[in-house]
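Below is one structure, written out as structure tokens; comments come after it.
Here the structure is a predicted model, which is why all the values come from computation and not from measurement.
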Amino acid sequence: MKLSQRVQKLAESATLAVSAKAAAMKKQGIDVVSFGAGEPDFPTPEHIRAAAKAALDAGHTGYAKPASGILEAKQAVCAKLKRENQLDYEPSQVLITVGGKEALYLACMAVLDPDDEVILPAPYWVSYPEQIQLCEARSVVVEGLENNGYKVTADQIAEAITDRTRVLIFNSPSNPGGFTYSPDEVKAIADVVADRNILVFSDEMYDRLIYRDQRFLSFAAASPRAFAQALTFNAGSKTYSMTGWRVGYVAGPEPVIKAMAKIQSQTTSGTATFNQYGLVEALNGDQDPAEQMRREFEARAEYMHERLNALAGVRCVRPTGAFYAFPNVSGAYAKLGVSNSIDFSAKVLEEAHVALVPGIAFGMDAHVRLSFATSMAQIKKGLDRMEELLGKA
Ligand SMILES: Cc1ncc(COP(=O)(O)O)c(C=O)c1O
């Protein structure tokens with residue numbers, strides 16, 4: 001069977017080997033603690049489920065009309081972006097998508113041509129380089145440095161810009177980094193792209209999951225110029241624990257949104273209508289359940305950060321957003337007789353029965369990702385086991 005060049009170039013997930021092994025061990029009855037999850041461990045809040053059930057019962061089971069999203073959902077998105085992010089979008093500037101992932105893919109498809117360059121700060125979310133590759137465009141990776149908490153600086157972005165730069169991908173709070181850019185850092189980056197013909201994909205999936213005194217600024221809110229250059233991406237997935245619903249959204253300049261809607265209408269026809277009613281309730285309804293989840297994540301973030309930094313050979317920046325810790329574990333490689341993040345993760349899985357995600361999947365081989373979207377009891381158990389294996393600092 002001949003497969004396309006396109007799919008042959010797509011990377012196999014570097015995390016696959018470790019997660020397949022963890023699954024096999026679990027099947028054998030081994031008690032594996034998994035820090036791999038990329039989704040909240042809470043059910044979708046009851047009032048959101050009720051809204052989708054009511055929509056089903058009211059007969060909202062046909063194609064979404066238009067495919068780009070029902071008006072109520074676009075209006076709820078505009079209200080959210082205004083209320084929480086100080087952004088003034090019209091419903092015609094909004095697309096409702098099959099999760100955040102479809103929105104990002106449609107954006108790549110709508111604006112990238114072969115050999116266009118996309119500035120991609122590392123550590124990066126795994127799907128960005130693959131989506132860029134599917135468009136035959138090129139990722140220009142810019143690595144965040146430890147002395148800046150793994151965030152990239154405006155100067156680093158300025159250095160990476162060429163005549164071929166078409167897009168900057170900006171993800172704050174970060175998966176996998178767990179860091180959040182401060183409003184000043186966002187403004188500085190907005191300044192360096194301001195006089196260029198560059199679009200900024202601002203992935204704000206975790207905008208509500210921020211901790212301690214961290215402040216969040218939407219990229220598009222940095223300046224009027226930033227507003228004109230940005231696509232703002234978000235979803236019900238992380239804030240409202242709606243990962244399986246597949247409801248996301250993106251807002252931005254109307255010509256780009258229209259182009260994305262055109263591709264959507266010829267591919268997925270958008271997301272299920274009754275799920276869009278769930279999104280409307282999530283955005284317009286009671287925000288307390290989401291806040292309770294956030295508080296729980298915050299407590300776990302603090303605990304995990306402290307325990308990781310107490311391990312020999314491990315250094316971890318304090319998470320300020322999302323639900324991930326992304327420690328540098330290279331100081332523990334020698335102790336386990338390994339030299340990269342895949343072998344490190346395999347060793348920790350075999351010997352401590354703890355599943356981690358190798359940092360190489362996110363462009364940084366000295367790191368591993370631990371999700372704290374799992375119970376405090378599991379977090380404690382997993383970190384106790386890692387402490388036994390690696391020793392105390
Ligand atoms: C940074 C980031 N962007 C986008 C997505 C995609 O979200 P969704 O599940 O809504 O497609 C994820 C999910 O893991 C993510 O972490």
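For Arg369 and Asn175, the side-chain atoms include at least one donor-acceptor pair closer than 3.5 Å. Arg208 and Tyr240 share a donor-acceptor pair across their side chains, judged by distance under 3.5 Å alone. Of the N and O atoms on the side chains of Ser174 and Lys151, not one donor lies less than 3.5 Å from an acceptor on the other residue. If you check the side chains of Lys80 and Asn85, you find a donor sitting under 3.5 Å from an acceptor. For Thr232 and Glu204, the side-chain atoms include no donor-acceptor pair closer than 3.5 Å.
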- request: Determine, step by step, whether Asp116 and Arg138 satisfy the salt bridge (charged side-chain N to carboxylate O under 4.0 Å, His left out) criterion, reporting the C-alpha distance in whole Å, the side-chain angles of both residues, the deciding distance to 0.1 Å, and the verdict.
  value: CA-CA 6 Å; Asp116 282 348; Arg138 287 205 298 257; over 6 Å; no
task: Go through the steps to decide whether Phe297 and Phe42 satisfy the test ring pair (Phe, Tyr, Trp, His ring centres under 6.0 Å), and finish with yes or no.
output: CA-CA 11 Å; Phe297 286 134; Phe42 303 105; 5.5 Å; yes
message: Go through it in stages, so that I can follow the logic: the residues are Asn148 and Glu185, the test is side chain to side chain contact (heavy atoms under 4.5 Å, CB included), and I'd like the CA-CA distance, side-chain angles, deciding distance and then a yes or no.
response: CA-CA 11 Å; Asn148 198 39; Glu185 289 166 334; 4.2 Å; yes
message: Determine whether Lys21 and Glu350 satisfy the following criterion, salt bridge (charged side-chain N to carboxylate O under 4.0 Å, His left out), listing intermediate values before the conclusion.
response: CA-CA 9 Å; Lys21 194 161 185 183; Glu350 278 159 26; 2.7 Å; yes
Side chain to side chain contact (heavy atoms under 4.5 Å, CB included) between Met260 and Met109, worked out: CA-CA 8 Å; Met260 292 166 64; Met109 288 290 281; over 6 Å; no
field: Evaluation steps, salt bridge (charged side-chain N to carboxylate O under 4.0 Å, His left out), between Lys74 and Glu90
entry: CA-CA 8 Å; Lys74 291 179 183 175; Glu90 297 294 326; over 6 Å; no
- prompt: Where do Tyr277 and Leu56 land on the side chain to side chain contact (heavy atoms under 4.5 Å, CB included) test, with the steps shown first?
  reply: CA-CA 9 Å; Tyr277 283 98; Leu56 269 174; over 6 Å; no
message: Determine whether Asp384 and Lys380 satisfy the following criterion, salt bridge (charged side-chain N to carboxylate O under 4.0 Å, His left out), listing intermediate values before the conclusion.
response: CA-CA 6 Å; Asp384 286 348; Lys380 183 172 184 313; 3.1 Å; yes
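For Gln266, the CD atom counts as loosely surrounded, since its 6.0 Å shell holds 12 or fewer non-hydrogen atoms of other residues, nucleotides or ligands. The number of heavy atoms from other shown groups lying within 6.0 Å of CG (Asp115) is above 12. By the neighbour-count criterion of 12 heavy atoms within 6.0 Å, atom CD of Glu146 is densely surrounded, having more than that number from other residues, nucleotides or ligands. No more than 12 heavy-atom neighbours from other residues, nucleotides or ligands sit within 6.0 angstrom of CD on Glu306. The environment of CZ in Arg225 is crowded: more than 12 heavy-atom neighbours from other residues, nucleotides or ligands sit within 6.0 Å. Within a 6.0 Å sphere centred on CG of Asp195, heavy atoms belonging to other residues, nucleotides or ligands number more than 12. Counted within 6.0 Å of CZ on Arg164, heavy atoms from surrounding residues, nucleotides or ligands total more than 12; the atom is thus considered enclosed.
At least one donor-acceptor pair under 3.5 Å links the side chain of Tyr211 to the backbone N or O of Ala322. Formation of a donor-acceptor pair under 3.5 Å by the Ser269 side chain with backbone atoms of Ala67 is not found in this model.
Follow the hydrophobic side-chain contacts under 4.5 Å out from Met242 and you never reach Leu95; the two are in separate clusters.
Within the model, atoms CZ of Phe179 and OG1 of Thr320 stand 8.5 Å from one another, a figure rounded to the nearest 0.5 Å. Rounded to the nearest 0.5 angstrom, Ile189 CD1 and Asp155 CG are separated by 10.0 Å. Note that CG of Leu356 is 14.0 Å distant from NZ of Lys347, once rounded to the nearest 0.5 Å. Annotation: the span from His367 atom NE2 to Cys316 atom SG amounts to 9.5 Å, rounded to 0.5 Å. To the nearest 0.5 Å, atoms CG (Leu279) and CG (Asn284) are separated by 9.0 Å. Going from atom OG of Ser139 over to atom CD1 of Ile132 covers 3.5 Å, rounded to the nearest 0.5 Å.
In this structure, the side chains of Lys381 and Asp31 come closer than 4.5 Å at one or more pairs of heavy atoms. Put simply, the side chain of Lys238 reaches to within 4.5 Å of the side chain of Phe323, judged on heavy atoms. A 4.5 Å side-chain heavy-atom check between Phe201 and Val111 finds at least one atom pair inside the cut-off. Looking only at side-chain heavy atoms (C-beta outward), Phe326 and Phe362 come within less than 4.5 Å of each other. Residues Phe219 and Val193 meet the side-chain proximity criterion, which asks for heavy atoms closer than 4.5 Å.
Between Lys9 and Glu136 no salt bridge is recorded (no basic side-chain N to carboxylate O distance below 4.0 Å). Under the 4.0 Å criterion applied to side-chain N and carboxylate O atoms, Glu388 and Arg385 are not assigned as salt-bridge partners.
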